[in-house]
Amino acid sequence: MSYIDNTTITVDAILTQKGRQLLAQNGNLNITSFALADDEIDYTLYQPNHPNGSAFYDIALRNTPVFEPLTDETQVMKYKLVTLNQGVTSIPVITISQDKILVTKDYTGDIIINPSTNPAYNLQAGYTAILGNKNVGILIVQQTNALNSVSNTVPTFAGDINIASAQVVVGNSFRFVPNSGLTATTTTNLTIIGNESGGSTSIEVTVTVPAPTSQ
Amino acid sequence: MIFNTFDPNKDIIAGRVTRVASGFWPDGSPSWDQGNFMDDFWRNTGSAGNPSYGTSYYDVRYTMYYLNVFPDLSTYVNYDPYFSIAYGNFYGNLGSGSFPTETLSIEASPTKAIYTQYKNILLANSDANVASNGMFSMISSSATTTVAADDIWVINFSAYKMKDRIDEGLLQLNFSGSKGSISLIDDSIYTTLNQYSYQLITGSLTNPFGSATYEGLGLFYPQVGIVVLNASLLAKKLGITSGSGVGIGSGGPCSDGSWPYISGSLPGGIQYTYNHKTLFESMNICSGELMNVRRSEYVPARQYMVRVMNRDFNYSNNPTYVYDGTDNVHPKGQIYNADFINDPKTYITTVGLYNDTNELVAVAKLSRPALKDFSSELLFRVRLDF
């Protein structure tokens, strides 16, 4: 007879740059919730046909080395774990009607981005929309989310978003208005992240500047 | 849902302070060979002037008051001192020597200044360590007999290095002179703990005596990281008189037979005056003598109990967890491993702590991935130090 394993996993946390900034500004962090992530894991390495049997199916996953924590809050917690009912066959997928946005700088029609999630999700906290380059235009919140929340931490990926030049808004639907003052054709990404499911989708946004007509 | 909310009454443990102790020396070492010590006595001396004043007596330098000590050449080169040594005299005398500036109009009175500043910060009127004449008082021979020290050597540990305190019961200092070598420890193992100050007695940490023998040799103040030595008594016990003990050869007190060279490297005329340099040489001359110092830091910490229940966090947004829809066979978002449809598993590597606007303010990494499925629950204790 052995002893029951009642081990608690103890880990040390570090403050992110945002955490240090808030601590300096407000004197407290006001931590209210947690999330879990598995950024380092490659699930395709799960081997249900492993010759040594079921105990070895996930040997590659269990032994994956883990990175040290980074203080840049946009570079960690990229792939969050999500709570779903048992038996689902799909992770909630975020879709929008457009596969890309291509307009001239003077376009005045409505460009409504209306994300949805299948199966239904993100009904309370809505979505975070990130326009990679705010010079191409502006995102306007068409419908706020049920919680009326306005900010959250956005994970970024190499090359696609520079938070300093990006516009980040939170809501249920959004309207894109191109920048009529744009001087050169510019392309960027529009990324939509589900605030409850953690999933995301991304499309290309191009605002063109017509060549001047010759006299 | 990707966020779970903490219950502040059950999941957040606040107001705890953790004492973190470590060795005082580089890389957290608890002991250091005193023979490796270096000092900055000569550091700011150019071709003109001397260690304590430049080309003019009015160019007073800090080495007139104290010198800094470094564990080795590396810390010396990076100017990263670990403690300093000063000499103070209640009357402003200079021990057995005389200092040229005192005979001139400048009258910097370095020894008086040193004695008074340590008296001001360490002694209170009702303090047992203050004599009726205001000097430092130390227990000698019995608990009721004290001796007043009119001159003192002070070892002052770097506040940056010592963190919050130097720990009593783990301090050992070694000195050598013409009469031999002695080691001093504090008397905390013979008395009640958590005192503001302790008496210094002869002995060693590895082989302490059965009872304390008090000789009035010095005091140790753990909270401020200061050691006050009775300079006259210690010098007499060691056979140190300024300018004496010169020579390197066999038959000396060190384990290799060498002698302290207290004044050997000092130019004539000032060799009698630098009593703080004398104590440094007494500590430094013998290699193999280990100075033991441990420090402690009090770290306010808040702990978050991250409870992952059996139904929570069994699916992932990791792109390898699902099909991306590009094979035109499996729809985007469908779970990749068929086994995971009936028995989903995730492997947690990271815990993120969020504020009420979902901003990531702290992050913790696991040492290895932790399996989570519908038949398991996990409890992470996330400690956040401030």
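All chains are named by letter (A, B, ...) in the order of the sequence lines, taking the proteins before the strands, and each is independently numbered beginning at 1. What you see is a predicted model, and the numbers here were worked out from it, not measured in a lab.
Remark: the B:S22 side chain and the B:R295 side chain contain an N/O donor-acceptor pair separated by less than 3.5 Å. A side-chain donor from one of B:Y347 and A:D58 sits under 3.5 Å from a side-chain acceptor of the other. Using modelled atom types and a 3.5 Å distance limit, the side chains of B:D72 and B:T75 yield a donor-acceptor pair. Side-chain atoms of B:D373 and B:N314 form no donor-acceptor pair, as typed in the model, at a separation below 3.5 Å. A donor and an acceptor atom, one from each side chain of B:D40 and B:Y62, are located under 3.5 Å apart. Inspection of the B:Y198 and B:E168 side chains reveals an N or O donor paired with an N or O acceptor under 3.5 Å.
Side-chain rings of B:F37 and B:F70 stay apart, their centers remaining 6.0 Å or farther from each other.
Of the listed residues (A:T83, A:T44, A:L15, A:L61), the greatest number of heavy-atom pairs within a distance under 4.5 Å of chain B belongs to A:T83. Of the residues considered (A:I91, A:T95, A:V93), A:I91 shows the highest number of contacts with chain B, using heavy-atom pairs under 4.5 Å. Comparing B:L353, B:N355, B:V363 by heavy-atom pairs within less than 4.5 Å of chain A, the highest count is held by B:V363. Of the listed residues (B:I12, B:D339, B:V322), the greatest number of heavy-atom pairs within a distance under 4.5 Å of chain A belongs to B:D339. Ranked by heavy-atom pairs under 4.5 Å with chain B, the list A:P92, A:G19, A:S90 is led by A:S90. Counting heavy-atom pairs under 4.5 Å between each of B:D385, B:I335, B:L366 and chain A puts B:I335 at the top. For the set B:F6, B:F3, B:Y321, the count of heavy-atom pairs under 4.5 angstrom toward chain A peaks at B:F6.
For B:F313, the parts lying near chain A are the backbone and the side chain together; criterion is any non-hydrogen pair under 4.5 Å. Using a 4.5 Å cut-off between heavy atoms, B:R311 contacts chain A through its backbone alone, with no side-chain atom that close. The contact between A:I31 and chain B is made by backbone and side chain atoms together, counting heavy-atom distances below 4.5 Å. The contact between A:L23 and chain B is made entirely by side chain atoms (from C-beta outward), counting heavy-atom distances below 4.5 Å. Both the backbone and the side chain of A:T10 come within less than 4.5 Å of a heavy atom in chain B. Using a 4.5 Å cut-off between heavy atoms, A:Q17 makes no contact with chain B at all. Contact of B:K372 with chain A is not made at all, since no heavy-atom distance falls under 4.5 Å. Looking at B:F380, both its backbone and its side chain come within 4.5 Å of chain A, counting heavy atoms on both sides. The contact between B:N337 and chain A is made entirely by side chain atoms (from C-beta outward), counting heavy-atom distances below 4.5 Å. Only the side chain of B:F340 comes within contact range of chain A, with at least one heavy atom under 4.5 Å from a heavy atom of that chain. Within the 4.5 angstrom heavy-atom criterion, no atom of A:N122 approaches chain B.
Shown here is B:Y298, whose OH atom has more than 12 heavy atoms of other residues, nucleotides or ligands within 6.0 Å. Residue A:Y46 places its OH atom among more than 12 non-hydrogen atoms of other residues, nucleotides or ligands, all under 6.0 Å distant.
Partner of B:R307 under the side-chain hydrogen bond (donor to acceptor under 3.5 Å, both in side chains) criterion, out of B:D11, B:N4, B:D312: B:D11 alone.
Between B:K161 and B:D80 there is a salt bridge, with a side-chain nitrogen of the basic residue lying less than 4.0 Å from a carboxylate oxygen of the acidic one.
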